[in-house]
Amino acid sequence: MQKDTLVFDLINKELERQRNGIELIASENFTSLSVMKAMGTVATNKYAEGYPGKRYYGGCEVVDEIENLAIDRVKKIFSASWANVQPHSGAQANTAVFLACLKPGDKILGLDLSMGGHLTHGSPANFSGKYYQAHFYGVKKETGLVDYEHMEETARREKPKMIICGASAYSRDWDYQRIRAIADEVGALVLADIAHPAGLIATGLLNDPFDHCHIITSTTHKTLRGPRGGIILLRHDFENPFGIKDPKGKTRMMSSLLDLAVFPGMQGGPLEHVIAAKAVAFGEILDDSFKVYGKQVIANAQAMAKSFTDRGYQLISGGTDNHLMLIDLRSKKLRDGQSVLTGKKAQETLDKAHITLNKNAVPFDDKSPFVTSGVRVGVPAVTTRGMKEEHMETIVSLIDKVLMNTDDETVIASVKNEVQEFMQQFPLYPELG
Ligand code: DSN
């Protein structure tokens, strides 16, 4: 059979796009070549429904070893007692937790999507808001910080079965101890979705949720820098406090309920090639060099936040503790001194200059989620490319030049050239030619 040039030409085009652009999408990163190699292997051919040692197919002895390696490594990273590495994504990991712990119609309490939360934390557009009764807490208008009083009031009033902490667009650390105290008062479980800051938690650079939150979920491809996928972790296994029975009517430990919820609850065969790549990424995280990376991510985010602030951009909460920042563009007037930018316009114009980020609602936004008043900016990917604090100022100056000239194609084209030249200093996958 001939090589499918159509697809491989497109993949090469995507490689060039990634090489030449400045990648600031907070949820993206560049995996190592080893992670990608593990993914593109014969492990993709194997069906392995079930778990290591308890599969529904023959010939699983090797993938059992691969999956056990991934489990052992991720447990070591987070000092966890149990891990499930099969969720295909963070959304699937969260779905499994809902399936294991709640009954349809149960109340949940999560951070509002419009305040930085995630679709799977109760949005009406998502299963979590359709099948469960979702209530929300937000951030304080004056500070941009999570409104724990609001969380507490809502929890006391609604008595949710589960409180969800974690966000997609929140630049500050979380008070997990306080959340657990609120949950204990009302008899709720706490799910911490650490998809965004997981790599910084793994290296001890942010608060550790594991002793306070009952269940932890994450993606593996953001700050953890692995393949796209999800994980579920427990440090302390515990009995399901709501007495939910498994399909055979048996009460089980939480680890067992979660395993059953992933498979056969809502997924079929695990993606063993992705699990192999997760194992490789987890091995990389256990190396001391990953801590250096994590520290650089935070240093870069803080340098970038300062550069934006110095240029008159308003950051929600005034800065960042982690890998990202959320910018409210409404305070930044265009050259006519009156017009303001929308997130949509900013994203689309920056795309033309090969600077990639995403429009994002800011708290108390007056625009629709398709337009938005803000952009979310993250540094995990540029940090992987080898950038340091001084490069953040260059990036911000390039962004500013584009945003102040959204109607000037000549300026945008010249920034695009500058971006391409700038990125030559930070080679990506030179081995791929
Ligand atoms: N919410 C997406 C993000 O943070 O980009 C991931 O689900």
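Note that the numbering runs from 1 along the sequence shown for the chain. All values derive from a computational prediction rather than experimental measurement. In each ligand, atom 1 is the first atom listed, and ligand 1 is the first ligand listed.
Ring geometry, F426 versus F422: the interplanar angle exceeds 60°, so the pair is classed perpendicular (tilted spans 30 to 60°).
A salt bridge does not link E393 to K306: none of the charged side-chain nitrogens sits closer than 4.0 Å to a carboxylate oxygen.
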Next item on the list: Could you walk me through whether V375 and I399 pass the side chain to side chain contact (heavy atoms under 4.5 Å, CB included) test, one step at a time?
Entry: CA-CA 12 Å; V375 286; I399 291 174; over 6 Å; no
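Screening S168, P363, S317, S171 for a side chain to side chain contact (heavy atoms under 4.5 Å, CB included) involving L326 leaves a single residue, P363.
For ligand 1, residues of the protein lying within 4.0 angstrom by heavy-atom distance are S27, H118, S168, H196, K222, R376.
A search for salt bridge (charged side-chain N to carboxylate O under 4.0 Å, His left out) contacts involving K344 returns E348, not counting sequence neighbours.
Y148 and Y137 have their aromatic ring centers separated by at least 6.0 angstrom.
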